[in-house]
J.: 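Got a structure for you, questions after.
None of the values given here were measured: they were computed from a predicted structure. Only this structure's heavy atoms are used, side chains among them; waters, hydrogens and symmetry mates stay out. Note that ligands are numbered from 1 as they come in the structure, with each ligand's atoms numbered from 1 the same way. One-based numbering along the sequence shown.
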Amino acid sequence: MYDWLNALPKAELHLHLEGSLEPELLFALAERNKIALPWTDVEALRGAYAFNNLQEFLDLYYQGADVLRTEQDFYDLAWAYLQRCKAQNVIHTEPFFDPQTHTDRGIPFEVVLNGINQALKDGRDQLGISSGLILSFLRHLSEDEAHKTLDQALPFRDAFIAVGLDSSEMGHPPSKFQRVFDRARDEGFVAVAHAGEEGPPEYIWEALDLLKIKRIDHGVRAIEDERLMQRIIEEQIPLTVCPLSNTKLCVFDHMSQHNILDMLERGVKVTVNSDDPAYFGGYVTENFHALHTHLGMTQDQARRLAQNSLDARLV
Ligand SMILES: Nc1ncnc2[nH]cnc12
Ligand SMILES: [Zn+2]
């Protein structure tokens, strides 16, 4: 089944480039940039990948991103991810990047963007993988800071297809970012947002009604609100679900409890994605395979999930 799932043509719609930083590359970049790391080796770092919630993961994820300094580093990061796409027949990808994670450390916006963009271009030209980049605001920071990030992005508007919202969900509802999303949409960007990963269904309502998003990232807690379920089914609003992430971050205790196939059978436009594959134990195919192993996902269901991912592309 793994090989069959791997060969299935698919799109990835929920992937943080910083979350695709494998420990081997992290160590190589630390050496290249002469940065001392708190872990003795790759295995010690991998051993730290045990999380009880989103915040515990984010603390390590932001720490890991500190090795990314130069345009070449960002290129290497994105290029390594695109090669994984090629190996897993991901024919289209819409990755997120978090500019504030880097600009707050003094890395110029253009350095980050140029490195990523060159890799995406080479991915199109050399690997045949189409893509669209999503600029994600960090929700634990202020809306003012998000406005500043949007200002920095506007001169490069053709480099992005959408804006997103990620990082610590609880206590940072979508309503906090209503004005900057209004501005981004006025400037022609599509909007997406993480909602209903750890946060309640109300955050999904806000993301839809206040941020006017076209796709919900995660959204697994929608199932707690029947009226919300009716809406996302009726309007066929796609959900970018990340099964391995959800179990690694204890959103579900075990993969056998995941609700993605229940949602699929109820008519929700759910898709399968890897979120932060370097940290959560696998790329898209591993996520599909876990659904087969623990939930008995059939080939027919896998085909529908893959088709949903192709249908839910923004570009
Ligand atoms: N799963 C996730 N949720 C929120 N923010 C993130 N940033 C990277 N991965 C994330
Ligand atoms: Zn995510």
J.: Just to confirm my output: which protein heavy-atom neighbour is closest to atom 1 (N) of ligand 1, and how far is it?
T.: D275 OD2, 2.7 Å
J.: Run the salt-bridge test on R185 and D182 with the 4.0 Å N-O cut-off and return the result as yes or no.
T.: yes
J.: Can you check whether P238 reaches N308 side chain to side chain, under 4.5 Å on heavy atoms?
T.: no
J.: For ligand 1, is any non-hydrogen atom under 4.0 Å from E197's backbone (N, CA, C, O), its side chain (CB onward), both, or neither?
T.: side chain
J.: Show the atoms of ligand 1 that are less than 4.0 angstrom away from any heavy atom in L58.
T.: 6 (C), 7 (N)
J.: Are the side chains of V67 and L21 in contact, using a 4.5 Å heavy-atom criterion?
T.: yes
J.: Check this for me - ligand 1, H14, N or O atoms closer than 3.5 angstrom, yes or no?
T.: no
J.: May I ask you to identify the nearest protein heavy atom to atom 5 (N) of ligand 1, giving residue, atom name and distance to one decimal place in Å?
T.: S167 N, 2.8 Å
J.: Looking only at N, O or S atoms in H194, which is nearest to the Zn ion (ligand 2)?
T.: NE2
J.: Tell me which N, O or S atom of H14 sits nearest to the Zn ion (ligand 2).
T.: NE2
J.: Counting each atom of ligand 1 from 1 as listed, which ones have a heavy atom of F57 under 4.0 Å away?
T.: 8 (C), 9 (N)
J.: For ligand 1, which atoms have a heavy atom of H218 less than 4.0 angstrom away?
T.: 1 (N)
J.: Among all protein heavy atoms, pick the one closest to atom 10 (C) of ligand 1 and tell me residue, atom and distance.
T.: H16 NE2, 3.6 Å
J.: For atom 9 (N) of ligand 1, which protein heavy atom lies nearest, and how many Å away is it?
T.: D276 OD2, 2.7 Å
J.: Looking at residues at least two apart in the chain, or sitting in another chain, which of them share a salt bridge (charged side-chain N to carboxylate O under 4.0 Å, His left out) with E71?
T.: none
J.: Is any NZ, NE, NH1 or NH2 atom of the basic residue among R231 and D225 found under 4.0 Å from an Asp or Glu carboxylate oxygen of the other?
T.: no
J.: Would a hydrophobic clustering, with Ile, Leu, Val, Met, Phe, Trp and Tyr connected at side-chain separations under 4.5 Å, put W79 with F74?
T.: yes
J.: Does R46 pair with E24 as a salt bridge, N-O distance under 4.0 Å?
T.: yes
